[in-house]
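Written out below as structure tokens is the structure these notes cover.
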Number of protein chains: 2
Amino acid sequence: MVTPTKIEEARRAYIESLTETMAMYGLSPSMGRLYGTMFFHEDPMTLDEMMDLTGMSKTSMSTGVRALSALKLVHKKWQKGVRKDLYEAEHDQVRSFIEFFCVMWDKEIELNARALSRAEENLNGLLDDPEITPEEVTNIEMDLNRLAKAKLYYTWLRNLVKTFESGEIFDHVPVPEYLDK
Amino acid sequence: MVTPTKIEEARRAYIESLTETMAMYGLSPSMGRLYGTMFFHEDPMTLDEMMDLTGMSKTSMSTGVRALSALKLVHKKWQKGVRKDLYEAEHDQVRSFIEFFCVMWDKEIELNARALSRAEENLNGLLDDPEITPEEVTNIEMDLNRLAKAKLYYTWLRNLVKTFESGEIFDHVPVPEYLDK
DNA sequence: CTGTATATACAGTTTATATTGTACGGTTTT
DNA sequence: AAAACCGTACAATATAAACTGTATATACAG
């Protein structure tokens with residue numbers, strides 16, 4: 001007879017690989033294992049089930065599942081008559097991908113575009129100083145030049161995010177059809 | 001008179017922001033500071049200059065600059081008569097972006113597509129077992145189904161990488177023009 | 001070929017992150 | 001209203017990563 005552990009072993013190996021990938025993107029091992037576990041789980045899961053299946057603490061499940069929710073990799077799901085919170089993995093992985101990277105890229109833009117503006121302001125302010133030396137002017141202008149180029153990058157990235165979020169990207173890189181057998 | 005430190009202070013603030021962004025993508029603080037420093041430095045730099053400007057150890061500079069090179073965020077540059085290795089930041093940030101993410105995505109595909117194939121093989125092997133129970137068959141088929149869907153995602157991602165690497169992406173998300181003043 | 005300078009390997013130390021166990025606050029059931 | 005249960009905050013521990021200093025290998029100039 002086929003032991004259940006053989007099926008589980010096949011899952012485990014793939015989950016391990018998923019975990020490694022997610023670690024690449026800065027997610028913790030526990031989040032990776034948790035997501036992988038949920039990926040294979042048909043029904044929405046409770047924190048306790050997660051605890052059992054992953055063998056990790058409930059606290060980890062709580063924080064992990066919340067973090068995964070924030071990234072839209074899993075979703076809360078309500079079920080009438082069930083008190084416990086239920087979560088399931090987002091099944092559309094392309095969607096997860098887009099969600100994940102757009103959030104990151106947005107953060108990058110938000111963070112750096114602001115810092116860039118401040119730096120520009122400061123440098124422009126220095127140019128007004130009457131006692132500035134010619135050498136300093138050169139340096140400041142070089143910096144401003146670099147920042148101006150960087151701004152173009154952020155503009156491009158903003159447009160890229162739009163292209164992904166609007167789904168326009170699929171006009172150029174279509175999602176292959178799923179053919180149920 | 002404008003002190004040099006005021007210019008440096010403007011730089012430092014922006015570098016800090018860059019560092020934070022890069023941390024988001026899994027790069028260490030030292031790599032972030034180093035890249036940021038090189039971003040503002042006109043000429044190619046030696047390890048010693050990096051050490052001076054960042055205030056960090058030479059070992060950090062050596063490993064950091066090599067890691068940044070692997071990601072194509074900086075480039076080695078030869079200069080006749082100079083024995084020391086010289087490095088400069090890649091000025092085209094859009095190119096850096098594409099290079100960086102395509103490397104990551106390639107790694108993800110390579111790692112997971114392989115693990116997926118192995119999992120499929122294993123599960124299909126289990127189906128051949130004559131003593132398998134109907135319930136197990138259901139479970140295995142559910143798993144195979146999920147994996148089949150995941151494969152579509154990897155196919156899509158492969159195509160996305162191609163679209164970026166070939167430059168085709170710029171037909172749909174063009175890089176804004178730089179207008180020198 | 002020798003001396004000198006350069007970059008990296010390695011081990012140790014420091015610092016940060018991930019994970020767990022316990023305790024608490026809020027809700028539902030009896 | 002009391003009891004039971006659920007999810008999360010918080011502090012403590014375990015684990016891992018970053019960073020440095022010293023030692024070694026490599027490459028170049030004379």
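Letters A, B, ... mirror the listed sequences (proteins, then strands); counts begin at 1. All values below come from the heavy atoms of this structure, side chains included, with hydrogens, waters and symmetry mates left out. Everything quoted here is computed from the prediction, not taken from an experiment.
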Parallel, tilted or perpendicular for [X] and [Y], by the 30°/60° rule?
X        : Y        : answer
B:Phe170 : A:Trp156 : tilted
A:Phe164 : A:Trp105 : perpendicular
A:Phe39  : A:Tyr14  : tilted

Stepwise salt bridge (charged side-chain N to carboxylate O under 4.0 Å, His left out) check, A:Arg95 with A:Glu99: CA-CA 6 Å; A:Arg95 181 146 305 287; A:Glu99 187 67 46; 5.5 Å; no
Within this structure, what is the [atom1]-to-[atom2] distance between [X] and [N], rounded to whole angstrom?
X       : N      : atom1 : atom2 : answer
A:Met51 : D:dC6  : CE    : P     : 10 Å
A:Tyr87 : D:dT8  : OH    : C1'   : 10 Å
A:Lys80 : C:dT28 : NZ    : P     : 16 Å

Tell me if a side-chain donor or acceptor on [X] pairs with a main-chain N or O of [Y] at a distance below 3.5 Å.
X        : Y        : value
A:Glu49  : A:Thr46  : yes
A:Thr63  : A:Thr59  : yes
A:Asn124 : A:Glu120 : yes
B:Thr138 : B:Pro134 : yes
A:Glu136 : A:Thr133 : yes

Verdict with supporting geometry, A:Glu110 and A:Arg114, salt bridge (charged side-chain N to carboxylate O under 4.0 Å, His left out): CA-CA 6 Å; A:Glu110 158 76 15; A:Arg114 178 173 307 189; 2.6 Å; yes
Pick out the pairs of N or O atoms, protein on one side and nucleotides 17-24 of chain C on the other, that lie under 3.5 Å.
{"residue": "C:dT19", "atom": "OP1", "partner": "A:Ser30", "partner atom": "N", "Å": "3.2"}
{"residue": "C:dT19", "atom": "OP2", "partner": "A:Ser28", "partner atom": "OG", "Å": "3.1"}
{"residue": "C:dT19", "atom": "OP2", "partner": "A:Ser30", "partner atom": "OG", "Å": "2.7"}
{"residue": "C:dT20", "atom": "OP2", "partner": "A:Ser57", "partner atom": "N", "Å": "3.3"}
{"residue": "C:dT20", "atom": "OP2", "partner": "A:Ser57", "partner atom": "OG", "Å": "3.1"}
{"residue": "C:dT20", "atom": "OP2", "partner": "A:Ser60", "partner atom": "OG", "Å": "2.6"}
{"residue": "C:dG21", "atom": "O6", "partner": "A:Thr59", "partner atom": "OG1", "Å": "3.0"}

Under a 4.0 Å heavy-atom criterion, the protein footprint on nucleotides 23-30 of chain D, written with B, S and -, is ----BSS-
Stems field, DNA chain D, Watson-Crick or wobble, 3.5 Å, at least 3 pairs, by first number, holds C:1-30 with D:1-30
Scan side-chain atoms only and decide if A:Tyr25 and B:Glu108 contain a donor-acceptor pair under the 3.5 Å cut-off.
->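 On atom types as modelled, these side chains qualify, holding a pair under 3.5 Å.
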Review point. When you match A:Arg66 and A:Lys84 each to their closest nucleotide on DNA chain D, which lands nearer the 5' end?
Key: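 Its nearest nucleotide being more 5', the pick is A:Lys84.
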* Sugar-phosphate, base or nothing in reach of B:Asp48, heavy atoms under 4.0 Å -> nothing
